[in-house]
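Computed from a prediction, not measured in an experiment: that's the story for all the values here. Here is the naming used below: chain letters follow the sequence lines, and residue numbers restart at 1 for every chain. Both backbone and side-chain heavy atoms feed into the values below; hydrogens, waters and symmetry mates do not.
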Protein chains: 2
Amino acid sequence: MDLVFEIDFQSDEALYTQLCNQIIIGIAKEMVHEGDALPSVRQLADEVGINMHTVNKAYTVLKQEGYVKVDRRKGAIIAVDIDKLRALARTKEDLRILLARASCMNVSREEIHRLIDEIYEEYGGC
Amino acid sequence: MDLVFEIDFQSDEALYTQLCNQIIIGIAKEMVHEGDALPSVRQLADEVGINMHTVNKAYTVLKQEGYVKVDRRKGAIIAVDIDKLRALARTKEDLRILLARASCMNVSREEIHRLIDEIYEEYGGC
DNA sequence: CTCTCTGTTATATCTATAGTATAACAGAGA
DNA sequence: TCTCTGTTATACTATAGATATAACAGAGAG
């Protein structure tokens with residue numbers, strides 16, 4: 001199964017952010033694996049109809065966050081190497097505001113747990 | 001217990017977003033309640049050292065999202081009125097990318113559930 | 001060696017957003 | 001009248017997002 005990229009030009013999310021998210025979700029869903037090559041910046045730009053530099057920015061961000069390594073010859077390669085402690089801190093910070101919103105509209109803790117399970121099921125399962 | 005506002009000028013988060021988040025978290029933590037008045041735009045702007053219009057933007061966003069009502073006489077009043085279905089959809093979408101990141105760094109489902117409980121404990125508890 | 005593919009770098013331009021600054025207006029209350 | 005509210009308008013600066021063109025260096029294939 002291969003990655004399919006879909007850009008929503010109406011979204012308020014930046015195009016490069018949409019690409020980053022789709023790739024990260026692709027890794028989580030195991031649609032791509034360690035060592036797999038992503039399309040070249042020019043190729044992907046052409047495929048989804050955006051500028052080369054926008055794709056390049058996405059890859060650069062993914063590199064900085066530790067999801068890919070970029071090889072001058074082969075392009076961007078999936079290679080997850082993330083500082084777990086820092087990432088956990090970020091996760092908790094993101095959850096804090098997300099759950100505050102949920103709590104304000106009386107979404108129960110159980111409902112959240114159920115959502116978590118639903119989504120984790122889509123991913124590796126573990 | 002009253003809301004205390006703290007702005008991080010070094011953060012890459014927009015100032016008005018920081019204000020929004022602190023207020024939403026304040027509601028979740030029950031530091032402010034339905035009917036409570038927020039500081040006036042000028043007062044809060046002065047308090048944290050930013051422009052009046054930036055505070056006004058925060059209040060406008062909170063109004064659009066259904067966290068406050070704005071009264072010309074009294075200012076912004078906490079009044080949560082959110083379409084639960086739409087909010088649930090947003091919650092799930094936000095969780096999807098957050099959990100993908102977590103999954104990529106091998107944070108187990110159990111660890112996430114534990115984080116949820118930790119944070120929900122800070123909030124109403126239910 | 002040449003051709004073609006990679007990422008990389010450097011400009012330049014355009015647009016939208018974020019933030020600040022000043023100012024004025026209308027409504028409510030003391 | 002004075003003072004407080006939010007609201008509106010205008011203007012300016014800075015930054016981020018996105019595009020466009022162009023060129024460069026390294027690697028591989030022919």
Chemist: Nearest whole angstrom, please: distance from the C1' of dT3(D) to the CD of Gln43(B).
Modeler: 14 Å
Chemist: Atom CG of Asp46(A) to atom P of dT19(D): distance rounded to whole Å?
Modeler: 13 Å
Chemist: Walking along DNA chain C from 5' to 3', note the first and the last nucleotide with an atom under 4.0 Å from a heavy atom of chain A, and give both.
Modeler: dT6(C) to dA10(C)
Chemist: If you assign each of Lys63(A) and Gly49(B) to its closest nucleotide in DNA chain C, which residue comes earlier from the 5' end?
Modeler: Lys63(A)
Chemist: Distance check needed: dT13(D) P versus Asn51(B) CG, whole Å only.
Modeler: 16 Å
Chemist: For dA28(C), what is the paired nucleotide under Watson-Crick or G-U wobble rules, both distances under 3.5 Å?
Modeler: dT3(D)
Chemist: Any salt bridge between Arg86(B) and Glu65(B), counting N to O under 4.0 Å?
Modeler: no
Chemist: Side-chain heavy atoms under 4.5 angstrom apart, residues restricted to Ile, Leu, Val, Met, Phe, Trp, Tyr: same cluster for Ile24(B) and Val4(B)?
Modeler: no
Chemist: From CG of Asp12(A) over to C1' of dA16(D), roughly how many Å is that when rounded to an integer?
Modeler: 14 Å
Chemist: Expressed in angstrom and rounded to an integer, what is the separation of His53(B) atom NE2 from dA11(D) atom P?
Modeler: 14 Å
Chemist: I'd like to know if Arg114(B) and Glu111(B) make a salt bridge, using a cut-off of under 4.0 Å between side-chain N and carboxylate O.
Modeler: no
Chemist: Start with the C-alpha gap between Leu95(A) and Lys92(A), add the side-chain angles, then the distance that decides, and say whether side chain to side chain contact (heavy atoms under 4.5 Å, CB included) holds.
Modeler: CA-CA 5 Å; Leu95(A) 272 176; Lys92(A) 185 161 186 180; 5.5 Å; no
Chemist: Let me know, please, whether Arg72(A) or Ala14(A) comes out on the 5' side of the other along DNA chain D by nearest nucleotide.
Modeler: Ala14(A)
Chemist: Without decimals, in angstroms, what is the distance between Arg73(A) CZ and dA29(D) P?
Modeler: 12 Å
Chemist: For Lys29(A), is there any backbone N or O sitting under 3.5 Å from a side-chain donor or acceptor partner on Glu122(A)?
Modeler: no
Chemist: May I ask which nucleotide in the shown strands pairs with dC12(D), Watson-Crick or G-U wobble, both distances under 3.5 Å?
Modeler: dG19(C)
Chemist: Mind checking if Tyr59(A) touches a base, just sugar-phosphate, or nothing, with heavy atoms under 4.0 Å?
Modeler: nothing
Chemist: Is Val61(A) linked to Leu98(B) within one hydrophobic cluster, defined over Ile, Leu, Val, Met, Phe, Trp and Tyr using a side-chain heavy-atom separation of less than 4.5 Å?
Modeler: no
Chemist: May I ask whether Ile25(B) and Tyr16(B) are part of the same hydrophobic cluster, defined by side-chain heavy atoms of I, L, V, M, F, W, Y residues being less than 4.5 angstrom apart, directly or through others?
Modeler: no
